[in-house]
Amino acid sequence: DAKTTQPPSMDCAEGRAANLPCNHSTISGNEYVYWYRQIHSQGPQYIIHGLKNNETNEMASLIITEDRKSSTLILPHATLRDTAVYYCIVRVSFTGTASKLTFGTGTRLQVTL
Amino acid sequence: TAGITQAPTSQILAAGRSMTLRCTQDMRHNAMYWYRQDLGLGLRLIHYSNTAGTTGKGEVPDGYSVSRANTDDFPLTLASAVPSQTSVYFCASSDDHRGTDTQYFGPGTRLTVL
C-alpha cells in the first residue's frame with residue numbers, strides 16, 4: 001500500500017469548512033484513497049473513499065487531484081463533534097479477500113468555538 | 001441495525017488467565033477483523049476471516065486465537081494473558097459492495113492485564 005503524509009494537527013472554527021490534506025505521491029493506478037476518523041476512545045469511523053473522481057456523501061467531500069498524488073477531505077461545516085484524528089489510507093481494494101487497513105498517525109483536527 | 005457490537009466494554013484480567021472477547025455483526029458482512037491499538041501507535045491487525053469457516057493471521061497474531069463458526073460472530077481468545085496484551089481491541093467487518101471493501105468498526109474493548 002502507498003505511503004501517505006498528513007499534517008499532524010489542524011484547527012478549524014466551528015461552522016467553517018475543514019480542509020484536511022493528504023499526500024500520496026507513490027499511489028498506484030489500482031489504489032483507492034480512504035478516509036477514516038477516530039473520535040477519542042471510539043472505534044474508527046469510515047468517512048469516504050474514491051479512486052480518481054471527486055466524491056461526496058452526507059459526511060464529507062473528497063477531492064482527488066488529477067495526477068492522484070494528493071487529496072483533500074472537506075468537512076463543509078465543521079462542528080465540535082468533528083474533533084477527531086483523521087486518517088488518510090491508500091490501498092488496493094479487495095473483494096472476497098480480507099485485507100488490513102494500515103493506519104498512520106493521521107491529522108488531529110480540533111474544532112473550536 | 002446495531003452494526004458491530006463488542007463485549008465486554010472493558011476488563012481487568014490477571015496475567016495467566018484466559019479470556020474471550022466477543023464480536024457480533026448484523027450486517028451479513030463476509031470478512032471480519034481483530035485489531036489492537038496501543039497508546040501512540042496505529043491499529044495493528046491480529047487475525048482476520050474472509051468468510052465463515054476460514055481464518056488467517058495478521059501482523060501480530062501470537063498469543064491470540066480466533067474462530068468463525070458463522071457469519072455474525074468472530075470471538076478473539078487470549079489463552080494465557082500477559083501484560084503486553086494490555087490494549088484496546090477493535091473488531092471490524094467489511095463488505096465488498098461496489099467493488100471496494102470498506103471496513104466498519106465496533107466500539108472497542110479496553111483490556112488491562114496485570
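In this structure, B:Ile12 belongs to a hydrophobic cluster whose other members, linked by side-chain heavy atoms under 4.5 Å apart, are B:Leu114.
Counting only residues at least two apart or on different chains, the salt bridge (Lys or Arg N to Asp or Glu O under 4.0 Å) pairs with a member in residues 33-42 of chain B are B:Arg36-B:Asp38, B:Asp38-B:Arg44.
Not counting sequence neighbours, A:Arg68 has no partner by the salt bridge (Lys or Arg N to Asp or Glu O under 4.0 Å) test.
In this structure, CG on B:Leu111 lies 6.0 Å from OG1 on B:Thr86, to the nearest 0.5 angstrom.
A:Gln45 does not touch chain B: none of its heavy atoms, backbone or side chain, sits under 4.5 Å away. With a 4.5 angstrom heavy-atom cutoff, B:Gln37 touches chain A only via side-chain atoms. Contact of A:Ser41 with chain B is made through backbone and side chain together, with heavy-atom distances under 4.5 Å.
Using a distance-only test at 3.5 Å, with no hydrogens or angles considered, a donor-acceptor pair links the side chain of A:Gln6 to the main chain of A:Cys88.
Taking the six-membered ring for Trp and the full ring otherwise, the centers of A:Phe103 and A:Tyr87 sit less than 6.0 Å from each other. For B:Tyr33 and B:Phe90, the ring centers are positioned 6.0 Å apart or more.
Using a 4.5 Å heavy-atom cut-off against chain A, no residue of residues 64-73 of chain B qualifies as contacting.
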